[in-house]
2 protein chains.
Amino acid sequence: MSDLLERLRERGWRLTAQRRVVAEVLDGDHVHYTADEVHARATDRLPEIARATVYNTLSELVAIGEVLEVSTDGRAKRYDPNARHTHQHLVCSRCGTIRDVHPTGDPLKALPEAERYGFTIADATVTYRGTCPNCAS
Amino acid sequence: MSDLLERLRERGWRLTAQRRVVAEVLDGDHVHYTADEVHARATDRLPEIARATVYNTLSELVAIGEVLEVSTDGRAKRYDPNARHTHQHLVCSRCGTIRDVHPTGDPLKALPEAERYGFTIADATVTYRGTCPNCAS
DNA sequence: ATCCTACCTTGGACATTGTCTAAGTCAAGA
DNA sequence: TCTTGACTTAGACAATGTCCAAGGTAGGAT
């Protein structure tokens, strides 16, 4: 994420304190915060940042492909900065913990032509669900 | 779904008009209604049915495995009565249409032991995204 | 350096989806 | 037919996300 701000500037985006802070919050591996978690962490650094600004910035980052939107449970969407290397997710059904994982093979190849119904398929996402070591008790 | 009501009775569930109507609405193939769509259709047959009852009944059907909960887009969850034959979903990014599809192979096998982080994995869901023939224009 | 202006941010109202509760109703066994 | 505990109801509430008008500001233009 470190050069994200430069990439934004190249796109002609105005570089504001708010956008900078949101990008900093999303920096790291295995980060999967909800919008409100991002807002809470951003507020630590920039107390007056508005919730709407966090939502706006996250949507923009998703639109340009810098961040992935992940909805594993039908609750709040989560934001994953690891958009540069394709990966899938492993979710604990009990506590909701998410890990990035890398299955072998390409799920797109597993869908026969007869099962595509004329769609132009862009991608496939795989979500593994189970119980994490902590919750196995 | 036709024998769903019998299976419910076997489980000692009270058979009410409301539950009957919800089960009827969910009867069919390629059905993926949201809770509010189920409610709207149920209201056609039983005008005074409450929203909360639809939510309750859907949750019960999911809990006993008769119906699958599908969240493809982070918006409203959808309910899929085709729970007896495992399948995956193909979603149009434009209009949201959902088709049931049957990929070959088992995605569980594609996740190496080293990528399981000690989780006990129960299942894997695959969501294919693309553009449907209608939206391709 | 300062000015301009289009773009960004803010706060709060509003929308959507889902959950909870207290009171009334009813299915099904006795 | 009676009884009773499970079910349903209406509506308040909660969680998440979107929209808007008014004010602020980044960064190019002068």
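Just so you know, these numbers use all the heavy atoms, side chains as well, and skip hydrogens, waters and symmetry mates. Below, chain A is the first sequence line, B the second, and so on; all start at residue 1.
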Worksheet item: Under the side chain to side chain donor-acceptor pair (under 3.5 Å) criterion, do A:Asp100 and A:His85 qualify, and how do the steps go?
Response: CA-CA 10 Å; A:Asp100 290 355; A:His85 307 88; over 6 Å; no
Item to complete: Look at the side-chain N and O atoms of A:Gln18 and state whether any lies under 4.0 Å from the OP1 or OP2 oxygen of C:dT10.
Response: yes
Worksheet item: Going by heavy atoms closer than 4.0 Å, what residues in residues 35-51 of chain A are next to DNA chain D?
Response: A:Ala35, A:Arg51
Fill in: A:Arg99 charged N/C atom sitting above B:Phe119 aromatic ring, 6.0 Å / 45°
no
Worksheet, complete the sentence: Heavy-atom contacts, protein to nucleotides 23-30 of chain D, under 4.0 Å, summarised as B (base), S (sugar-phosphate only) or - (none) per nt, yield -BBBS---
Item to complete: Whole angstrom is fine here: how far is it from CZ in A:Arg78 over to C1' in D:dT16?
Response: 13 Å
Item to complete: Quick one: sort the A:His32 and A:His30 rings into parallel, tilted or perpendicular, breaks at 30° and 60°.
Response: tilted
Worksheet item: What pairs with B:His39 under ring-ring contact (aromatic ring centres under 6.0 Å, His included), at least two apart in sequence or on another chain?
Response: none
Worksheet item: Of the candidate nucleotides C:dT10, D:dT8, C:dG18, which contains the atom at the shortest distance from the side chain of A:Ala52?
Response: C:dT10
Worksheet item: Just how far is it from atom OH of A:Tyr128 to atom OG1 of B:Thr125, taken to the nearest 0.5 Å?
Response: 9.5 Å
Fill in: Distance in angstrom units between A:Glu60 CD and C:dC7 C1', rounded
10 Å
Discussion item. Output the rounded distance in Å from CG (B:Asp73) to P (D:dT16).
Written reply: 16 Å
Discussion item. Please confirm whether the shortest side-chain N or O distance from B:Tyr55 to OP1 or OP2 of C:dG18 is below 4.0 Å.
Written reply: yes
Item to complete: Report which part of the nucleic acid B:Ala76 touches: base, sugar-phosphate, or nothing (heavy-atom distance under 4.0 Å, all strands).
Response: sugar-phosphate
Discussion item. Can you work out whether B:Arg75 or B:Asn56 has the more 5'-proximal nearest nucleotide on DNA chain C?
Written reply: B:Arg75
Discussion item. What is the separation between atom CZ on B:Arg19 and atom P on C:dT25, rounded to the nearest whole Å?
Written reply: 19 Å
Worksheet item: Does a sphere of radius 6.0 Å around CG in A:Asp44 hold more than 12 heavy atoms from other residues, nucleotides or ligands, not counting ones at 6.0 Å or beyond?
Response: yes
Discussion item. How about CG on B:Asn134, more than 12 heavy atoms from neighbouring residues, nucleotides or ligands closer than 6.0 Å, or not?
Written reply: no
Worksheet item: Would you call A:Arg84-A:Glu66 a salt bridge at under 4.0 Å N-O?
Response: yes
Worksheet entry | Heavy atoms of other groups near A:Asp106 CG, more than 12 under 6.0 Å | yes
